[in-house]
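Reading through the structure tokens given below for one structure.
Counting convention: from 1, in listed order, for ligands and their atoms alike. Because the structure is a prediction, the values reported are computed rather than measured. Side chains are part of it too, since the values below use all heavy atoms of this structure and drop only hydrogens, waters and symmetry mates.
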Amino acid sequence: MSHTSSLGINAFMAELKAKNPAEPEFHQAVHEVVESLDEFLDENPKYKHARILERIVEPERIIMFRVPWINDKGEMCVNRGYRIEMNSAIGPYKGGLRFHPTVNLGILKFLAFEQVFKNSLTTLPMGGGKGGSDFDPKGKSDNEVMRFCQSFMTELYRHIGPNTDVPAGDIGVGGREIGFLYGQFKRIKNEFTGVLTGKGLNYGGSLIRPEATGYGNVYFAQEMLKTRNETFKNKTVLISGSGNVAQFSVEKVNDLGGKVVTLSDSNGYIFDPDGIDGDKLKYVMYLKNVKRGRIKEYAEKFGVKYVENERPWKEKGEIALPSATQNEINEIEAITLVQNGCYCVSEGANMPSTPEAIHTFIEKGILFGPGKAANAGGVAVSGLEMTQNSMRLNWTREEVDNRLQIIMQNIHHTCSEYGKKDSGFINYVDGANIGGFVKVADAMLSQGAV
Ligand code: NAP
């Protein structure tokens, strides 16, 4: 990167920070993208002249609203709801809803920003958005979650639609929440449309949608491993999180002959040296999805190690699939992983590695798949759910899984095309950022001052 361009990046970031104060995750996500794009924009001045970068970091629209609801004790509670409609250049806004106490405007803006590039990489016609609330579903009854979802949708419904904005799930929003949200939308609008994805199979959902992010991440890692003539067979795999993405990553790694030895939640991690096999995974699914318990209970049930308030990155494994949340691998953890023999990191979560951790992975020349490419399988199958809803028919499991595999292979191909360095090393971060940018930027150029 030339000295002049670093000055350019610094000035751009200074202005962005001044305009969007106290949003460190948003700054982090934008900084990563502008670093990747710097040289590319110098070589392609049409994007600079049209000020695409300045426009692409500015959400088209932000909706913030009050969500009042009554808990089981009859008390009034209030949360804040959000929807960030980031970019609709290539299709309706599309991206998940996150319900977690840490949710704030900056976190949702980072997620919405990344979503624009991710959706573009899938090659499906989807713009980028994200939303959610600081509501914490943990410890709430089903009735409380339902009342919250109904109140949330009572405001959100007027801003979304199958051709406008199509939300899905994310942290804290799974099948139960999507069902409550969809029911309320349908009731208010009196129409049955594909306005949300991640729906249940009996009311318009797609086969493989629950599996898609975890499976897709493993498919992406498989493609990266192929470039070094490697596979998952007999590899030890470290996974963080124990929710939707983590669970189906374990399932697919097992299918491919690998052994997953860790899972975690926000209280700690478990280490099972024998591997989390199919039966143990069934227990995890029951524990997290039905009992809504903590991962600690796995250690108690199977008599394995539980480490409180730690993340699993000190354990040994060739492959790591961070699948919990943002900034969950720092520089020291990245160094430890590499020193312990890890040579492939594929991000199931969004932005789980800090910039310093990413720098370490790239400097050490390991296979590093950034979330906006590696975890795009979820939104890709959401796109396929929208297609099936429009056609009013359902594809088989095999058909959706085949399409998912092809999409992940194509994303890998795009990242390789834009990220291959003269040395032959593939910088998947640059590849995903440039590859995702081009389609959106060209659409914005065609559409004029939008
Ligand atoms: P989920 O089912 O709600 O599971 C989230 C998991 O991450 C839980 O084990 C949770 O533990 C843990 N976690 C959440 N916040 C945490 C924090 N601040 N510190 C430590 N652990 C935390 O959510 P998910 O759908 O699997 O999403 C996981 C990641 O994948 C997120 O980054 C999400 O944005 C990304 N992603 C999801 C999809 C999708 O289709 N679902 C698609 C693309 C990307 P607790 O139970 O203790 O909170």
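Arg98 counts as a contact of ligand 1, since one of its heavy atoms falls under 4.0 Å from the ligand. For the ligand labelled ligand 1, residue Asn350 lies inside the 4.0 Å heavy-atom shell.
Nearest-heavy-atom check against atom 11 (O) of ligand 1 across Asp265, Ile295, Asn327 picks out Asp265.
When non-hydrogen atoms are compared, ligand 1 lies under 4.0 Å from the backbone of Ser264 (N, CA, C, O) but not from its side chain. At a heavy-atom distance under 4.0 Å, no atom of Gln326 approaches ligand 1.
Ring orientation note: the planes of His412 and Tyr428 are tilted relative to one another, at an angle of 30° to 60°. The aromatic rings of Phe437 and Phe117 sit parallel, their planes meeting at an angle under 30°, below the 60° perpendicular limit.
For ligand 1 and Lys138, the ligand atoms under 4.0 Å from any heavy atom of the residue are 45 (P), 46 (O), 47 (O), 48 (O). Short contacts between ligand 1 and Ser242, defined as distances under 4.0 Å to a heavy atom of the residue, involve ligand atoms 9 (O). Contact atoms of ligand 1 toward Ala349: 29 (C), 30 (O), 32 (O), 35 (C) (distance under 4.0 Å to a heavy atom of the residue). The distance from ligand 1 to the heavy atoms of Asn375 drops below 4.0 Å at these ligand atoms: 43 (C), 44 (C). Counting atoms of ligand 1 from 1 in the listed order, those under 4.0 Å from a heavy atom of Arg209 are 40 (O).
Using a 4.0 Å cut-off between a side-chain N of Lys or Arg and a carboxylate O of Asp or Glu, Glu58 and Lys19 qualify as a salt bridge. Salt bridge Lys226/Glu223: present, at least one basic N to carboxylate O contact under 4.0 Å. Between Lys235 and Glu318, no side-chain nitrogen of the basic residue sits less than 4.0 Å from a carboxylate oxygen of the acidic one, so the salt-bridge criterion is not met.
A cation-pi arrangement is present between Lys140 and Phe135, with the terminal nitrogen or guanidinium carbon under 6.0 Å from the aromatic centre and inside a 45° cone about the axis. The cationic group of Lys301 lies under 6.0 Å from the six-membered ring centre of Tyr283 and within 45° of the ring axis, placing it in a cation-pi geometry.
In this structure, the protein non-hydrogen atom closest to atom 41 (N) of ligand 1 is Asn244 OD1, 3.6 Å. With hydrogens left out, the protein atom closest to atom 12 (C) of ligand 1 is Ala324 CB, 3.9 Å, a heavy atom. Of the protein's non-hydrogen atoms, Thr213 OG1, 2.7 Å is the one closest to atom 40 (O) of ligand 1. With hydrogens left out, the protein atom closest to atom 19 (N) of ligand 1 is Thr325 CG2, 3.6 Å, a heavy atom.
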